[in-house]
Amino acid sequence: VEAVLAIDIGGTKLEAGLVTGDGAVLTTARVPTNVADPWPGLAALVGGVLADAKGSGVRVRAAGVGCGGPMLPGGEEVSPLNITGWRGFALHRHLTELTGLDVTIDNDAKALALGEGWLGAAAGERDYLAMVVSTGVGGGIVLDGRLLHGRLGNAGHIGHLVVVPDGGALCGCGARGCLEAEASGLAIERATGRPPAEAPLDVRERTGRLVGLAVADVAVLLDLELAVVAGSVALGFGEPFFAAAQAELDARCAISYTRGAVLRPGGLGDRGPLLGAAALALQGGASRGRDRRVPDTRSR
Ligand SMILES: [Zn+2]
């Protein structure tokens, strides 16, 4: 059996697994993130998964890694906002030396966008936005079948579109009224004094409206008619959130090419981060470049 090594690096947990070319997750393991110094835990986790692969005769072709930003292109250096011990950490070099594999690293929300297009709610689509509304808010955009990067690799970062222009909450980025400052799990907890899972109906609907507003701007700018929304806050808020977001999108998308734009819940559940990382790895020999396409669903 052939598989790729998929790794998701977040501020709460580190996860690694083996994923086949048709998206079957063969094995997965996770540990809590030591935000002061995550490398020893990550190295042990990855070493364990690779030892499992060897023991069970799985040939590992390449590695893909989704990691919180910001980072330099290709993960040469990563500085995730919520992993305080990593500032300019040479993640690509460390993982390449540890595994001996061809390693592809990208922003975790951009990785998820590839995963949703491969096996999730955007399967078969060539143009879409995928976003995550959880502790923070992130996103990735696939246009003409290719993942957008931008100058430093931050294209698609919808969390810092301004949705409350006057009197909005202060954002971690330094601006006011960003989507992340108003609609993220942390923002909701700050505003209500409770975890997002206990948020009242009006907060769920307001969060949906703000997400719909940001999505409408992106749809107009980039000629999109599909947005996939994943993440624990969005999926946990459920129907009231999605109905409010869709209503806002309907109200804002007036110009002809955006009419009928739809917002769908993410389709990968808690496997999204690993499948996104696997999609990066499946880029294979192209991984040193920046041309990242959605893996071919016809190979399923
Ligand atoms: Zn911001």
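Note that the structure is predicted; figures quoted are calculated from it, not measured. For this chain, numbers begin at 1 and follow the sequence in order. Atoms within each ligand, like the ligands themselves, are counted from 1 in listed order.
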Query raised in the report: Around the Zn ion (ligand 1), what protein N, O or S atoms are found below 2.8 Å?
Result: H160 ND1, C171 SG, C173 SG, C178 SG
Query raised in the report: With side chains defined as the heavy atoms from C-beta onward, is the minimum distance between L143 and D223 less than 4.5 Å?
Result: no
Query raised in the report: With a 4.5 Å heavy-atom cut-off, do I9 and I105 have their side chains touching?
Result: no
Query raised in the report: With a 4.5 Å heavy-atom cut-off, do K110 and I141 have their side chains touching?
Result: no
Report task. Kindly indicate whether the side chain of L274, heavy atoms from C-beta on, has any atom under 4.5 Å from the side chain of E15. Result -> yes
Requested in this report: Inspect the surroundings of CZ in R204 and state if more than 12 heavy atoms from other residues, nucleotides or ligands are less than 6.0 Å away.
Outcome: yes
Requested in this report: Answer yes or no: does atom CZ of R151 have more than 12 heavy-atom neighbours from other residues, nucleotides or ligands under 6.0 Å?
Outcome: no
